[in-house]
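We're numbering straight along the sequence, starting at 1. As the structure lists them, so they are numbered: ligands from 1, and atoms in each ligand from 1.
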Amino acid sequence: MPFDSLGLAPALVQAAAESGYAAPTAIQAAAIPAILQGRDVRGSAQTGSGKTAAFSLPLLQRLSSERAAQAEGPRRVRALVLVPTRELAAQVGETLRSLAQHLPERLKIVVAFGGVSINPQMMGLRGGADIVVATPGRLLDLVEHNALRLAAVSTLVLDEADRLFDLGFAEELGRILALLPAKRQNLLFSATFPPAIQALADGMLHEPAVIDVQGEPGTEPNIVQRVIEVDAIRRTQLLRHLLKQHEGEWDRVLVFVATQHAAQIVAEKLYKNGIYAVPFHGDIAQGTRTDILSQFKQSRWDVVIATDLAARGIDIAQLPVVINYDLPRSPTDYIHRIGRTGRAGESGLAISFVSASTEAHFQLIEKRQGLSLPRERIEGFEPTEVAVPVTDASGTGGVKGKRPSKKDKLRAAAKAAQAGGDNNGNDGGL
Ligand code: AMP
């Protein structure tokens with residue numbers, strides 16, 4: 001099915017073609033017509049499957065035709081796109097601008113996120129804007145500075161919606177929703193909608209088109225998942241070994257760790273060993289964060305050691321390998337992390353390091369995905385640790401006579417996530 005059969009304006013079809021989009025992806029084919037009809041949408045589709053364009057194209061179409069009808073009117077923010085991280089805000093803004101480039105009516109798209117001076121963003125909002133793409137905290141700051149009003153928003157997009165409903169954002173999201181007109185179009189997109197979040201999400205949708213193209217033939221991301229057993233203490237050495245072994249083949253590698261501290265330490269160790277590795281987390285200044293990501297995309301860095309800050313939405317073309325040095329705290333995070341590879345139909349490889357104490361947690365991740373992956377051992381790195389029996393239901397091992405139930409394990413994982421450091425909260429996303 002070609003793009004022009006979806007009811008999109010020729011200028012948007014042309015921009016899609018110039019972006020290299022030959023045909024709509026499954027989520028685009030399903031969501032674009034529903035959005036053009038003005039319906040609320042809850043859309044889930046695999047990581048890297050074109051969700052941004054799925055909401056951007058119809059949004060631009062409507063705003064552009066409204067602008068044509070009212071060319072002389074003041075610019076009022078008619079579409080608000082909320083995202084959980086600064087990097088994603090910049091990325092979505094770029095996609096919108098690039099897809100809007102041939103529209104006959106110029107639409108003003110303003111991107112706003114924290115960690116950088118608010119003044120240029122306030123200046124950017126002078127004279128109004130058609131679309132604002134923002135992280136929640138900075139958006140509220142701008143509202144408090146009277147830099148923008150949200151009373152005319154007719155479409156709200158929540159990208160990575162389940163993350164925005166998480167505890168870390170719930171309060172800010174509530175405050176933002178209270179500033180929006182009650183009558184509006186709501187578009188919620190993510191690769192994952194855990195059941196509890198789904199109920200929250202559905203509470204704000206009005207007769208939505210529920211689009212779930214996960215699992216449709218041909219839509220699965222092409223990601224090979226491997227699991228390597230290794231003692232926790234030897235993971236950096238194993239990482240180094242793998243990077244050296246695959247030099248020239250793995251030209252870019254994204255490694256996930258659990259804390260900012262671990263990101264620093266692992267990156268330093270690799271760097272000292274001649275590997276171009278750099279840490280990426282919420283405690284790094286925003287300018288540096290932006291530079292690291294763009295330099296990674298330009299192959300200036302070979303390896304980025306990141307917290308879950310990099311797990312959501314970030315689109316790095318030709319990222320062949322993602323490594324879970326530390327396991328993610330939830331099966332949902334696992335899906336997002338590995339989804340940084342194998343994007344837009346490319347193939348990818350996701351490797352997870354598992355040790356005696358994390359094996360039970362990985363089994364939960366596998367179970368949630370209906371997978372059972374073979375465990376591998378690498379010569380010279382065979383594990384020697386054995387699981388330490390625990391007396392509580394922490395899910396890290398079994399105790400004779402009191403094996404933690406699945407619920408216990410999930411509770412323990414949720415508790416660990418709440419207690420966790422930067423891996424848990426916004427990690428500077430605002
Ligand atoms: P997203 O899921 O929106 O982050 O998109 C993932 C990647 O797919 C991005 O690099 C997009 O440029 C690309 N993409 C989006 N739509 C299409 C399409 N119809 N055909 C090919 N690539 C696409």
- Counting both backbone and side chain atoms, is some N or O of A22 under 3.5 Å from an N or O of ligand 1? no
- atom 23 (C) of ligand 1: of F189, F55, Y21, the nearest heavy atom sits on Y21
- Task: Determine, step by step, whether T307 and Q260 satisfy the side chain to side chain donor-acceptor pair (under 3.5 Å) criterion, reporting the C-alpha distance in whole Å, the side-chain angles of both residues, the deciding distance to 0.1 Å, and the verdict.
- Result: CA-CA 6 Å; T307 60; Q260 298 178 348; 6.0 Å; no
- Message: So I118 and L142, do their side chains get closer than 4.5 Å, heavy atoms only?
- Response: yes
- Is ligand 1 less than 4.0 angstrom away from at least one heavy atom of A317? no
- Item | R300 charged N/C atom sitting above Y276 aromatic ring, 6.0 Å / 45° | no
- Are any of the heavy atoms in A23 under 4.0 Å away from ligand 1? yes
- What part of S49, side chain, backbone, both or neither, has a heavy atom within less than 4.0 angstrom of ligand 1? backbone
- Query: If you measure from CG on L173 to CZ on F169, what distance do you get to the nearest 0.5 Å?
  - Reply: 9.5 Å
- What residue and heavy atom of the protein are closest to atom 8 (O) of ligand 1, and at what distance? A344 CB, 3.3 Å
- Message: For atom 4 (O) of ligand 1, tell me which residue out of R343, Q91, K51 has the closest non-hydrogen atom.
- Response: R343
- Task: Check T25 against ligand 1 and report side chain, backbone, both or neither, counting heavy atoms closer than 4.0 Å.
- Result: both
- When every non-hydrogen atom of L12 is compared with those of L57, the smallest separation belongs to CD1-O, 3.4 Å
- Task: Over all heavy atoms of both residues, which pair between K297 and R252 is shortest? Give the atoms and the distance, please.
- Result: O-NH2, 3.1 Å
- Query: What atoms of ligand 1 come closer than 4.0 angstrom to any heavy atom of T52?
  - Reply: 1 (P), 3 (O), 4 (O)
- Which ligand 1 atoms are under 4.0 Å away from a heavy-atom of F3? 19 (N)
- Measure the distances from the heavy atoms of G48 to every atom of ligand 1 and state whether one is below 4.0 angstrom. yes
- In the protein, which heavy atom is nearest to atom 2 (O) of ligand 1, and how far is it? G50 N, 2.9 Å
- Measure from the ring center of F256 to the ring center of Y325 and say whether it is less than 6.0 Å. no
- Item | Heavy-atom nearest neighbour of atom 10 (O) of ligand 1 within options L88, D315, T47, I314 | D315
- Given E18 and H102, is the side chain to side chain donor-acceptor pair (under 3.5 Å) satisfied, shown in steps? CA-CA 11 Å; E18 287 174 11; H102 300 303; 2.7 Å; yes
- Message: If we check salt bridge (charged side-chain N to carboxylate O under 4.0 Å, His left out) with D130, which of these qualifies: K108, R75, R106, R62?
- Response: R75
- Item | ligand 1 atoms in contact with Q28 (distance to a heavy atom under 4.0 Å) | 15 (C), 16 (N), 17 (C), 18 (C), 19 (N)
